[in-house]
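The structure appears right after this line, and notes come after that.
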Amino acid sequence: MDDSLQAQLKPLRERIDSIDAQILELLSQRARAALDVGEVKHAASADGPVLRPEREAEVIRRLQQLNRGPFPRDAVASVWTEIISACRGLERGMTVAYLGPRGSFSEQAAFEHFGRSVQPLPCPSFDEVFRVVEAGQADVGMVPVENSTEGAVNRSLDLLLSTSLKILGERSLDIRHCLMTQSGTMEGITAVAAHPQALAQCQGWLSRNYPGLERVAESSNSEAARVAGSNPAIAAIAGETAAPAWNLQIVEAGIQDDPNNRTRFLAVGDMQPLPSGKDKTSLILAVPNRAGAVYDMLAPMAANGVSMTRFESRPARTGQWEYYFYVDVLGHRDDPQVARALADLQSQVAFLKVLGSYPAQ
């Protein structure tokens with residue numbers, strides 16, 4: 001680099017260094033204020049929650065509205081999620097359970113939603129995620145609930161029906177599947193392993209490129225990566241972060257059949273967020289087996305001006321009703337129009353469970 005360019009860059013870099021020092025000092029001031037908030041909450045209740053989803057959502061939305069650029073709007077959310085996570089961690093550590101092992105999309109969703117200043121707790125199954133949160137071994141859990149290509153994650157829906165936990169938040173991820181092996185090539189590979197949904201999301205690509213490979217279903221993509229990391233004859237389909245976690249190399253990236261493939265995750269825990277100003281409420285409903293029952297179930301939503309964003313049916317296993325309906329509506333259960341709709345629904349349906357109201361992403 002010539003001396004003229006160095007001379008031009010030097011004052012700019014010094015300015016950046018000065019700004020970084022100011023940011024660091026302001027972050028420390030924020031951390032001290034967060035500790036003061038924690039002391040006040042602890043004085044009011046020794047068991048008070050360290051996590052306030054509605055407050056965290058309000059902070060990020062307000063900053064995004066204040067942002068005039070050129071700092072990217074999405075980056076505001078990413079940066080402040082980590083700032084909030086670090087400050088929350090000073091008050092009290094928070095454990096997050098998710099489907100593991102390391103390198104799973106569930107882990108990625110957990111870190112993007114709660115930040116990295118948490119204690120991760122990878123679990124071998126969705127059932128175990130719910131169990132450890134219900135037992136108090138984790139503060140919150142993160143589970144996938146639906147995929148844009150393959151639809152509902154049925155085990156998560158079944159567990160939401162039976163759990164006492166509430167939905168605290170949501171997070172959608174772009175799902176970019178990668179084929180990975182120990183060597184970074186497909187030489188000597190006899191099988192490809194992945195979660196059944198990942199195999200389904202990549203079936204077209206696999207059929208075109210490696211039609212002769214055995215397809216092996218694993219409990220998660222990260223478990224498939226772990227298996228591939230110990231067996232040179234196995235390829236895995238997983239997210240990019242699984243490769244370094246299990247000493248694998250990526251053979252091909254972005255092998256999902258749908259380039260817009262996305263998965264929605266839900267955060268669950270033993271608390272009910274307050275209204276944040278932009279919320280969703282999730283319900284499970286069932287109706288008697290009679291003509292017009294589904295129409296009567298939907299009528300209170302329209303009558304009270306409540307918009308539905310999701311309507312999914314799931315066969316009931318008890319035999320008492322034919323289907324459960326999983327419904328997402330805009331608004332918080334404490335909002336007047338949503339509260340009226342829920343009250344009207346109660347008299348129209350055979351079963352109603354409010355899974356939670358939470359900040360919408």
Side-chain angles (χ1 to χ4, degrees), residues 51 53 94-101 104-110 113-114 118 120-173 175 194-198 200 217-223 262-273 280-286 309-329 333 349-358 361:
L51 177 68
M94 191 175 79
T95 300
V96 183
Y98 54 84
L99 182 65
S104 67
F105 286 115
S106 293
E107 180 183 68
Q108 181 182 344
H113 193 74
F114 294 109
V118 297
L121 180 59
C123 297
S125 67
F126 297 142
D127 297 62
E128 184 67 4
V129 172
F130 278 82
R131 189 199 69 77
V132 296
V133 180
E134 289 171 341
Q137 295 172 253
D139 296 285
V140 292
M142 182 67 76
V143 292
V145 68
E146 61 180 329
N147 175 263
S148 60
T149 302
E150 290 300 304
V153 181
N154 291 327
R155 188 56 189 158
S156 292
L157 297 187
D158 292 341
L159 290 164
L160 287 170
L161 176 63
S162 61
T163 188
S164 61
L165 302 177
K166 298 293 186 184
I167 300 174
L168 310 177
E170 63 177 352
R171 177 66 50 172
S172 291
L173 291 186
I175 301 300
H195 187 275
Q197 282 224 345
E218 296 288 353
S219 60
S220 69
N221 290 337
S222 51
E223 174 61 17
R262 292 179 65 80
T263 295
R264 179 178 175 233
F265 294 80
L266 296 177
V268 295
D270 188 19
M271 65 175 297
Q272 176 58 67
K280 281 185 183 177
T281 297
S282 293
L283 318 167
I284 302 178
L285 307 168
T309 61
R310 179 172 178 246
F311 185 83
E312 180 109 26
S313 63
R314 176 94 173 115
R317 296 183 176 181
T318 64
Q320 192 172 0
W321 303 291
E322 289 189 85
Y323 289 96
Y324 288 114
F325 297 93
Y326 290 74
V327 179
D328 290 346
V329 302
R333 65 185 301 174
V349 300
F351 175 83
L352 166 62
K353 180 179 182 180
V354 180
L355 296 174
S357 294
Y358 49 92
Q361 185 178 1

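We number each residue from 1, following the sequence as shown.
- The shortest side-chain heavy-atom distance between S125 and S219 does not fall under the 4.5 Å cut-off.
- In this structure, OH on Y358 lies 7.5 Å from OG1 on T281, to the nearest 0.5 angstrom.
- In this structure P122 satisfies the side-chain contact (heavy atoms from CB on, under 4.5 Å) test together with Y98, sequence neighbours excluded.
- For the pair V349 and L352, the tightest heavy-atom approach, listed with the atom from each and the gap, is CG2-CB, 3.9 Å.
- The CG atom of L285 lies 12.0 Å from the OG atom of S313; values are rounded to the nearest 0.5 Å.
- In this structure, the side chain of E223 does not engage the main chain of E218 through any donor-acceptor pair within 3.5 Å.
- Between F265 and H113, every side-chain heavy-atom pair lies at or beyond the 4.5 Å cut-off.
- Two residues are said to be in side-chain contact when any heavy atoms from C-beta on lie closer than 4.5 Å; V268 and L160 meet this criterion.
- To the nearest 0.5 Å, the span separating NZ on K280 from CD on E170 amounts to 3.5 Å.
- When every heavy atom of C123 is checked against every heavy atom of V132, the shortest pair comes out as SG-CG2, 4.1 Å.
- The line from CG of L266 to CD of E146 is 8.0 Å long, rounded to the nearest 0.5 Å.
- For the pair E107/S222, no side-chain contact is recorded, criterion being any heavy-atom separation below 4.5 Å from C-beta on.
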For this session: Could you walk me through whether V143 and L159 pass side-chain contact (heavy atoms from CB on, under 4.5 Å), step by step?
Result: CA-CA 10 Å; V143 292; L159 290 164; over 6 Å; no

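- You'll find the side chain of R131 reaches within 4.5 Å of the side chain of Q137, heavy atoms only.
- Side-chain atoms of S282 never come within 3.5 Å of backbone atoms of L355 as a donor-acceptor pair (strictly under, hydrogens ignored).
- With respect to F311, the ring-ring contact (aromatic ring centres under 6.0 Å, His included) criterion is satisfied by exactly one of F325, Y324, Y323: F325.
- Among residues two or more places apart in sequence or in another chain, the salt bridge (Lys or Arg N to Asp or Glu O under 4.0 Å) test is passed with D270 by none.
- Of the possible donor and acceptor atoms, none in the side chain of N221 sits under 3.5 Å from a partner among the backbone N and O of S104.
- The backbone N or O of L173 sits nowhere less than 3.5 Å from a side-chain atom of T263 that would complete a donor-acceptor pair.
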Exercise. Between L99 and F105, is a side-chain contact (heavy atoms from CB on, under 4.5 Å) present by the stated rule, with each step listed?
Worked result: CA-CA 8 Å; L99 182 65; F105 286 115; over 6 Å; no

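- For the atom pair CD (E312) and CD1 (I284), the distance works out to 11.5 Å, reported to the nearest 0.5 Å.
- With rounding to the nearest 0.5 angstrom, the CZ atom of R262 is 5.0 Å from the OG atom of S172.
- Across every non-hydrogen atom of G141 and V133, the tightest pair is N-CG2, 3.6 Å.
- L51 has its side chain within reach of V140: a pair of non-hydrogen atoms, C-beta onward, lies under 4.5 Å apart.
- Considering all non-hydrogen atoms of both residues, A97 and V129 come closest at O-CG1, 3.9 Å.
- K166 places no side-chain N or O within donor-acceptor distance of the main-chain N or O of P273, the cut-off being under 3.5 Å.
- A heavy-atom distance below 4.5 Å is found between the side chains of R333 and Q272.
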Exercise. How far apart are the C-alpha atoms of R264 and D328, what are their side-chain angles, what is the distance that settles it, and do they pass the side-chain contact (heavy atoms from CB on, under 4.5 Å) test?
Worked result: CA-CA 13 Å; R264 179 178 175 233; D328 290 346; 2.9 Å; yes

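- Annotation for D139 and M94: closest pair OD2-CA, 3.3 Å, computed over non-hydrogen atoms.
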Exercise. For D158 and R314, what are the C-alpha separation, side-chain angles and deciding distance, and is it a side-chain contact (heavy atoms from CB on, under 4.5 Å)?
Worked result: CA-CA 9 Å; D158 292 341; R314 176 94 173 115; 2.9 Å; yes

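- The closest side-chain donor-acceptor pair between S164 and E134, if any, does not fall under 3.5 angstrom.
- Partners of Q197 according to the side-chain contact (heavy atoms from CB on, under 4.5 Å) rule, which considers only residues two or more places apart in sequence or in another chain, are N147, E150, V153, H195, Q201.
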